[in-house]
Structure formats: structure tokens, C-alpha cells
Protein chains: 2
Amino acid sequence: MLRLSRGVEYAMRGLIYFVSQPEERVIPLSEISESECIPKSFLVKIFQVLLKRGIVKSVRGLDGGFILAKSPRNINLLDIIEGIDGPLSAFYDCHRDSCKKEDNEICPIHNAYKEGIDKLSDVLRNHSIEEIART
Amino acid sequence: MLRLSRGVEYAMRGLIYFVSQPEERVIPLSEISESECIPKSFLVKIFQVLLKRGIVKSVRGLDGGFILAKSPRNINLLDIIEGIDGPLSAFYDCHRDSCKKEDNEICPIHNAYKEGIDKLSDVLRNHSIEEIART
DNA sequence: CATTAAAAGACTGAAAAGGTCTTGTTTATA
DNA sequence: TATAAACAAGACCTTTTCAGTCTTTTAATG
């Protein structure tokens, strides 16, 4: 219900791999897959999402691969989590109305939960993958 | 991955039902089930968990039912969420070691996530069922 | 002793998560 | 220009979790 999904974890480990390289270069997923013990085909799927999100750029063809689309200082954990699993805000919408349709506004239960999720978002937004990689 | 489960939502609505009564009394789950449009047998299961957690007390037999075990001011959202779905801390343990077993300590990714979850916990702990019911 | 309600836990169906497979397309280079 | 390495896209499959049901048992009360 609240755990970091495998997809997100793999995405982060994949991105950290770029940061931890001595120099910037195009890296094929086969390399990351082997080094990080992440199933190749799953990693491919994840990076295709990161590509659409503008977090990485792809280079096709022989000697192709991926490269970070922006500075690792500007890639934060929230970007990655929401990129892979969708917006956190999707998780405090209320089911109650399916039964009682009086009001459309968010119910007090989910409102309190929203407050917590917002705090969580703040924390995640304030950690870049560069910072994580350094730690 | 991050949403409030049905079980938790039903638990909260069930508990709020007690708070919103004019006077304190033993309430059978059949009444809450009907009033709140919650499947009876599911609600039963949820209240058995709340019972074990010391949040409600049960009264068996004819005219039996449940009653809050403590003041609604002292029942917070975190109690309920963790009571039903298990401790939030379970959601930042790392899978990485299944591949690389060098270290046992929490990895930087999950460490950052833990910081966020701790903030979320704080917020949830600071909202009581009584407060939610009043809102 | 019939009725009503909780207690306990096995069981089931549906949905989501995690992962694989297949069939392309692109492109450097031998 | 054929080939091999790599991304692109999406169908497909398997496992786990979630949500909910069913059955049997225990207990209280009129």
C-alpha cells in the first residue's frame, strides 16, 4: 500500500549508475542490467517511461544507449516515483461517493491523508539523485 | 502503491460512526454495515483486527456489538492504518541485497524514502478520529 | 433453547505488480 | 550493404495482493 515499487527502485538504481560513472557517456541498458542485477527487459520498459518523462535521452543503433537528459542535481525522487507509478495525488481520492453521492468534495479522512502525502512529496522533491548517489 | 486501502477506509468510517452517535452505546456491525454501505462480512473482519489492536471492545451475544475501547481523541489515523495494513516501516526495506549482499544497512534510496514516510507518519499521528468526525 | 451477534479462518475472484517475449526500427562499422 | 547491437512498442504471462464471501463455532439473553 505504501512501498516503493520495484519499477521505481530499478529506475533509481539505473539513474544512479549514470551519476557514479567517472565521465558522462552513453550507456547501453545491457551494461546497467548486468551490473545492477536488474532484468534487462524490465529495465528497458522502465527507461522508455523515463525517456517520455524527459529524464533521459536515448541514442539508437550500434553503440547506442541512454544518457541523462538533465543535470542529476535537477532529477529528484518525486520526479522518478511519479514518472513511473503516476502522481501521488491519485491516492487520496475517496470511494465513499459510490454509495452516498451528496457531495463531491474530498472527505475529511482523505483530506487528512492528503496532508500527509503532501509532506511526503516535499521530502522526496528535496532529494536529488545526485545527492543520493553521493551518499 | 500509496493509496489508502479499502480496509482502512472502512475502518475509519466505522469508527467515525461511533463518534457521531448522540450517546455512547454498543453498536452491532449490521447497523454500521447498512448505514455506511460497507459489506458486512468484510467489516466483521476489519473489526476483529481493530479488536486485537485494542481500538474497540466487543460484546457478544444478543444485543452485542462493538464499542470504542478508548476516547476517540486518543485514536489516531496512524493507529488505524498500521493496525489494518501493518507498519509503514515495512515499506522502506531494500531489495538490493538479494543481488549484492555486501552490506545490511538501509540504502540511500530507501533512506530518503524513510524520511518522507516518517513525515507522513507524524501527520497521521496528529489527526484523531474525533477530529476527523467533527470536520 | 431459539435467536442474535461476535470469533476465527478457509476460500475465491479480480486486479495490480512484476516480468517476459516478439516483432519491429535505427545506425555504426566491418 | 549485411550485420550486430541497441532502442521502441506492445502483447502476453505469472505471481501476489486486495477485496470480499462463506462456514462453523462460541457466547449472551429473553
Side-chain angles (χ1 to χ4, degrees), chain A residues 1-14 18 25-69 81 83-86 90-91 95-96 98-99, chain B residues 1-14 18 25-34 36-69 81 84-86 90-91 95-96 98-99:
Chain A
M1 156 256 181
L2 238 166
R3 69 177 216 298
L4 224 48
S5 70
R6 282 292 169 90
V8 168
E9 197 183 306
Y10 290 164
M12 291 189 185
R13 276 164 49 195
F18 284 86
R25 64 184 172 99
V26 172
I27 300 172
L29 293 186
S30 53
E31 181 182 331
I32 299 176
S33 163
E34 272 183 39
S35 168
E36 288 291 322
C37 306
I38 299 170
K40 168 87 184 300
S41 39
F42 195 18
L43 192 63
V44 164
K45 204 154 75 169
I46 291 163
F47 267 72
Q48 280 165 12
V49 176
L50 294 177
L51 177 69
K52 289 211 185 79
R53 294 265 145 205
I55 294 172
V56 295
K57 284 185 292 196
S58 73
V59 177
R60 287 186 158 208
L62 188 59
D63 283 326
F66 286 89
I67 192 163
L68 297 186
I81 292 176
I84 301 292
D85 288 339
F91 298 117
H95 309 118
R96 194 207 211 168
S98 60
C99 172
Chain B
M1 159 257 183
L2 238 165
R3 68 177 218 296
L4 225 47
S5 69
R6 282 288 171 93
V8 168
E9 198 182 305
Y10 290 164
M12 290 188 185
R13 277 164 50 195
F18 285 86
R25 63 184 173 98
V26 172
I27 301 172
L29 293 186
S30 53
E31 180 181 332
I32 299 176
S33 162
E34 272 182 40
E36 288 291 322
C37 305
I38 299 170
K40 169 86 183 300
S41 40
F42 194 19
L43 193 63
V44 164
K45 205 154 72 168
I46 291 163
F47 267 73
Q48 280 164 13
V49 177
L50 295 177
L51 178 69
K52 288 211 185 79
R53 295 265 147 205
I55 294 170
V56 295
K57 284 185 292 194
S58 74
V59 178
R60 286 185 161 207
L62 187 61
D63 284 326
F66 286 89
I67 191 163
L68 297 187
I81 291 176
I84 302 292
D85 288 340
F91 297 120
H95 309 119
R96 193 209 213 168
S98 63
C99 173

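All values below come from the heavy atoms of this structure, side chains included, with hydrogens, waters and symmetry mates left out. So that the names make sense, note that chain A is the first sequence line, chain B the second, and so on, each numbered from 1.
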For A:G64, answer base if it contacts any base atom (sugar-phosphate contacts may also be present), sugar-phosphate if it contacts only those atoms, and nothing otherwise; contact means non-hydrogen atoms under 4.0 Å. sugar-phosphate

Side-chain atoms of A:S5 come closest, of D:dA6, C:dG18, D:dC22, to C:dG18

Dump the intermediate steps for side-chain contact (heavy atoms from CB on, under 4.5 Å) on B:I81 and B:M12, then the final yes or no. CA-CA 9 Å; B:I81 291 176; B:M12 290 188 185; 3.8 Å; yes

Please determine whether side-chain contact (heavy atoms from CB on, under 4.5 Å) holds for the pair A:V26 and A:F66, giving the CA-CA distance in whole Å, both sets of side-chain angles, and the decisive distance to 0.1 Å. CA-CA 5 Å; A:V26 172; A:F66 286 89; over 6 Å; no

Round to a whole Å and report the spacing from CD of B:E9 to P of D:dA19. 10 Å

Between B:F42 (CZ) and C:dT12 (P), how many Å, whole number? 18 Å

For D:dG20 and B:Y10 - does any side-chain N or O of the residue sit under 4.0 Å from the phosphate oxygens OP1/OP2? yes

Which one, D:dC7, C:dA6, D:dA8, comes nearest to the side chain of A:Q48? D:dA8

Among the nucleotides C:dC21, D:dA19, C:dA7, which one has an atom lying closest to any side-chain atom of B:R6? D:dA19

Between A:E31 and A:R25, does a salt bridge (Lys or Arg N to Asp or Glu O under 4.0 Å) hold up when you go through it step by step? CA-CA 12 Å; A:E31 181 182 331; A:R25 64 184 172 99; 2.7 Å; yes

Does B:L62 or B:F66 map to a spot on DNA chain C nearer the 5' end, using the closest nucleotide for each? B:L62

Given C:dT27, D:dA9, D:dG20, which nucleotide is nearest the side-chain atoms of B:P39? D:dG20

Length of the line joining B:I67:CD1 and D:dA28:C1', which is rounded to integer Å: 16 Å

Given atom CG of B:L43 and atom P of C:dA6, what is their separation to the nearest angstrom? 9 Å

Nearest whole angstrom, please: distance from the P of C:dT26 to the CG of A:D63. 18 Å

How is B:S58 classified with respect to the nucleic acid when contacts are heavy atoms under 4.0 Å: base, sugar-phosphate, or nothing? sugar-phosphate

What is the distance, rounded to the nearest whole Å, between atom NZ of A:K52 and atom P of D:dG10? 7 Å

Does B:R60 make a side-chain N or O approach to OP1 or OP2 of C:dA8 shorter than 4.0 Å? no

Side-chain touch A:I46/A:V8, heavy atoms, less than 4.5 angstrom: no

Can you tell me the distance, in whole Å, between the CG atom of B:L50 and the C1' atom of C:dA6? 14 Å

Contact class for B:V59 vs. all strands (heavy atom < 4.0 Å): base, sugar-phosphate, or nothing? sugar-phosphate

Between A:G61 and A:K45, which is nearer to the 5' end of DNA chain D once each is assigned its nearest nucleotide? A:G61

Judged by atom type as modelled, is there a donor-acceptor pair below 3.5 Å linking the side chain of A:S33 to the main-chain atoms of A:I38? yes

Roughly how many Å is it from CD1 in A:I84 to P in C:dG19, rounded to a whole number? 13 Å

